Amino acid sequence: MRNRRWLRLLAYVTGSVNQELLLRNEYLAAENRILRAKLPARVRLSNPERVTLAEIGRRLGRRALLEVACVARPDTILTWYRRLIADKFDGSKHRQYPGRPPVSAEIEALVVRMARENSGWGYDRIVGALANLGHHVSDQTVGNILRRHGIAPAPKRSQITTWKDFLAAHMNVLAGCDFFTVEVLTWRGLVTYYVLFFLHLESRHVKVAGITRHPDQEWMEQIARTATQDTWGYLHACRYVLHDRDTKFCAAFQSALASGGIKAIPLPARSPNLNAFAERWIRSVKQECLSKVILFGEGPLSRVLSEYSRHYHGERNH
């Protein structure tokens, strides 16, 4: 009899508790709908808030979420839960060895330099050159580096030569020459002197070849003979001389250069950038030297140019 009384009492209490929970849930659902109607169309939640809703929503299930979820759709809440589980079992942040170590920037720059400076070197040749320097990489790594920098393999790379690479490979046998004028004070007033110079493109060494008021054919021919002497001529190591289409570079001048084994190459019209090093030296000597002094005669002009040339070669920063 006592057991039956306790069971009846427990059923009564349980029923009353369940009835109270149902009423509370109904009230909270109604209150949520009213409050949700007064909030903006989209409510931004923080990560902890999403975690809380995801944990409870998983236990409720999709059917119950359809009735009570107001902040987000049931599918969204369940997606938050799946992400929560995925982050829980994601061990990538705790790995001690995150795969193969990347190639250092020094080795990558060395591979790119070898490929650009040696158009006929393939992957294996570059790997061997790196091994000689103490760097051990595979040919596949070299290929990946070259592809990242847009450099073609050796067969295609050897067939393509840019003007920049061509000139860089022949700098030691190229020289540029040009004229510039200087106004000098004399007893007769201002006199225009023509200064001819040669510039070795690789070393940037400048040689003032001559100063004259009348750069005629005989004078130009004599300058060419002097410059092409075998032992002490300042063009004996060169094979090509670049100059513009000034009429002062006459046929006799070109013939004298050719007799010394040097070919004169006239540049296209209106293209001073093709003789840019010579043009830049003219600007330097005029801006840094000649514009700051007043010259009286050819002798002071020659002395000033000699002193500036020594300064240009030995002291000036390039």
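These numbers come from a predicted model, not from an experiment.
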Within a 6.0 Å radius of atom [atom1] on [X], are there more than 12 heavy atoms belonging to other residues, nucleotides or ligands?
X: Tyr240; atom1: OH; value: no
X: Gln229; atom1: CD; value: yes
X: Ile294; atom1: CD1; value: no
X: Arg83; atom1: CZ; value: no
X: Trp232; atom1: CH2; value: yes

Can you measure from [atom1] ([X]) to [atom2] ([Y]) and round to the nearest 0.5 angstrom?
X: Ser104; Y: Ile107; atom1: OG; atom2: CD1; value: 3.5 Å
X: Glu221; Y: Cys250; atom1: CD; atom2: SG; value: 7.5 Å
X: Ile265; Y: Leu274; atom1: CD1; atom2: CG; value: 11.0 Å
X: Lys292; Y: Tyr308; atom1: NZ; atom2: OH; value: 10.5 Å
X: Phe197; Y: Cys177; atom1: CZ; atom2: SG; value: 8.0 Å
X: Phe253; Y: Arg225; atom1: CZ; atom2: CZ; value: 12.0 Å

[Y] reachable from [X] in the ILVMFWY side-chain graph, under 4.5 Å edges:
X: Leu174; Y: Ile282; result: yes
X: Leu235; Y: Leu199; result: no
X: Phe180; Y: Val241; result: no
X: Val285; Y: Tyr312; result: yes

- side chain to side chain donor-acceptor pair (under 3.5 Å): which pairs involve residues 126-139, sequence neighbours left out?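 Qualifying pairs, neighbours excluded: Ser138-Thr141.
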- Item | Of all pairs that satisfy side chain to side chain donor-acceptor pair (under 3.5 Å), the ones with a partner from residues 254-277, not counting sequence neighbours |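 For residues 254-277, and leaving out neighbouring residues, there are no side chain to side chain donor-acceptor pair (under 3.5 Å) pairs at all.
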Just jot down the salt bridge (charged side-chain N to carboxylate O under 4.0 Å, His left out) partners of [X], sequence neighbours excluded, or say none.
X: Arg113; value: Glu117
X: Glu298; value: none
X: Glu279; value: none

- Residue pairs, two or more places apart or on separate chains, that pass salt bridge (charged side-chain N to carboxylate O under 4.0 Å, His left out) and touch residues 178-202: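 Sorted pair list comes back empty.
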- Among pairs that include at least one residue of residues 232-251, which meet salt bridge (charged side-chain N to carboxylate O under 4.0 Å, His left out), considering only residues two or more places apart or in two chains?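 Only Asp246-Lys248 qualify under salt bridge (charged side-chain N to carboxylate O under 4.0 Å, His left out).
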Which pair of non-hydrogen atoms, one from [X] and one from [Y], has the smallest distance, and what is that distance?
X: Pro266; Y: Ala264; result: CD-O, 3.5 Å
X: Ile223; Y: Ala209; result: CD1-O, 3.3 Å
X: Arg116; Y: Ile151; result: NE-CD1, 3.7 Å
X: Ser203; Y: His200; result: OG-ND1, 2.9 Å
X: Met220; Y: Pro215; result: CG-O, 4.1 Å
X: Trp219; Y: His214; result: CB-O, 4.3 Å

Sub-4.5 Å side-chain heavy-atom contact between [X] and [Y]:
X: Val142; Y: Val137; result: yes
X: Val184; Y: Leu190; result: no
X: Met171; Y: Phe277; result: yes
X: Leu301; Y: Leu290; result: yes
X: Leu201; Y: Leu242; result: yes
X: Val103; Y: Ile145; result: yes

Donor-acceptor pairs under 3.5 angstrom involving side-chain atoms of residues 121-130: please list them, not counting sequence neighbours.
none

- Task: Output all residues satisfying ring-ring contact (aromatic ring centres under 6.0 Å, His included) with His149, sequence neighbours left out; order by chain, then residue number.
- Result: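 With neighbours one apart ignored, the set is empty.
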- Applying ring-ring contact (aromatic ring centres under 6.0 Å, His included), name anything that partners Phe179, two or more places apart in sequence or on another chain.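 Listed in chain order: Phe249.
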- Task: Evaluate side-chain contact (heavy atoms from CB on, under 4.5 Å) for Val182 paired with Ile211, printing each intermediate quantity in order.
- Result: CA-CA 10 Å; Val182 183; Ile211 303 172; over 6 Å; no
- Is the cationic atom of Arg213 (NZ for Lys, CZ for Arg) positioned less than 6.0 Å from the six-membered ring centroid of Tyr194 and within 45 degrees of its normal?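 No, cation not above the ring by the 6.0 Å, 45° rule.
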- Message: Keeping Thr186 on the side-chain end and Gly297 on the backbone end, is there a donor-acceptor pair under 3.5 Å?
- Response: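 Such a contact is absent between Thr186 side chain and Gly297 backbone.
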- Donor-acceptor pair, side chain of His313 and main chain of Ser309, under 3.5 angstrom: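 Present.
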- Is the shortest side-chain N to carboxylate O distance from Arg148 to Glu108 below 4.0 Å?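 Between Glu108 and Arg148 there is a salt bridge, with a charged N closer than 4.0 Å to a carboxylate O.
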- Take Leu295 and Leu185 through the side-chain contact (heavy atoms from CB on, under 4.5 Å) test and state the conclusion after the steps. CA-CA 6 Å; Leu295 302 171; Leu185 281 174; over 6 Å; no
- Would Ser284 and Arg280 satisfy side-chain hydrogen bond (donor to acceptor under 3.5 Å, both in side chains), going step by step from the backbone distance to the final call? CA-CA 6 Å; Ser284 298; Arg280 185 61 180 87; 2.7 Å; yes
- Residues in side-chain contact (heavy atoms from CB on, under 4.5 Å) contact with Lys207, at least two apart in sequence or another chain: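 Once residues adjacent in sequence are excluded, the partners of Lys207 under the side-chain contact (heavy atoms from CB on, under 4.5 Å) criterion are Tyr234.
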- Message: Between Val206 and Phe198, is the side-chain contact (heavy atoms from CB on, under 4.5 Å) condition met? List the steps.
- Response: CA-CA 6 Å; Val206 179; Phe198 293 92; over 6 Å; no
- Message: For Ser306, give me all partners under side-chain hydrogen bond (donor to acceptor under 3.5 Å, both in side chains), at least two apart in sequence or on another chain.
- Response: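 For Ser306 there are no side-chain hydrogen bond (donor to acceptor under 3.5 Å, both in side chains) partners, ignoring immediate neighbours.
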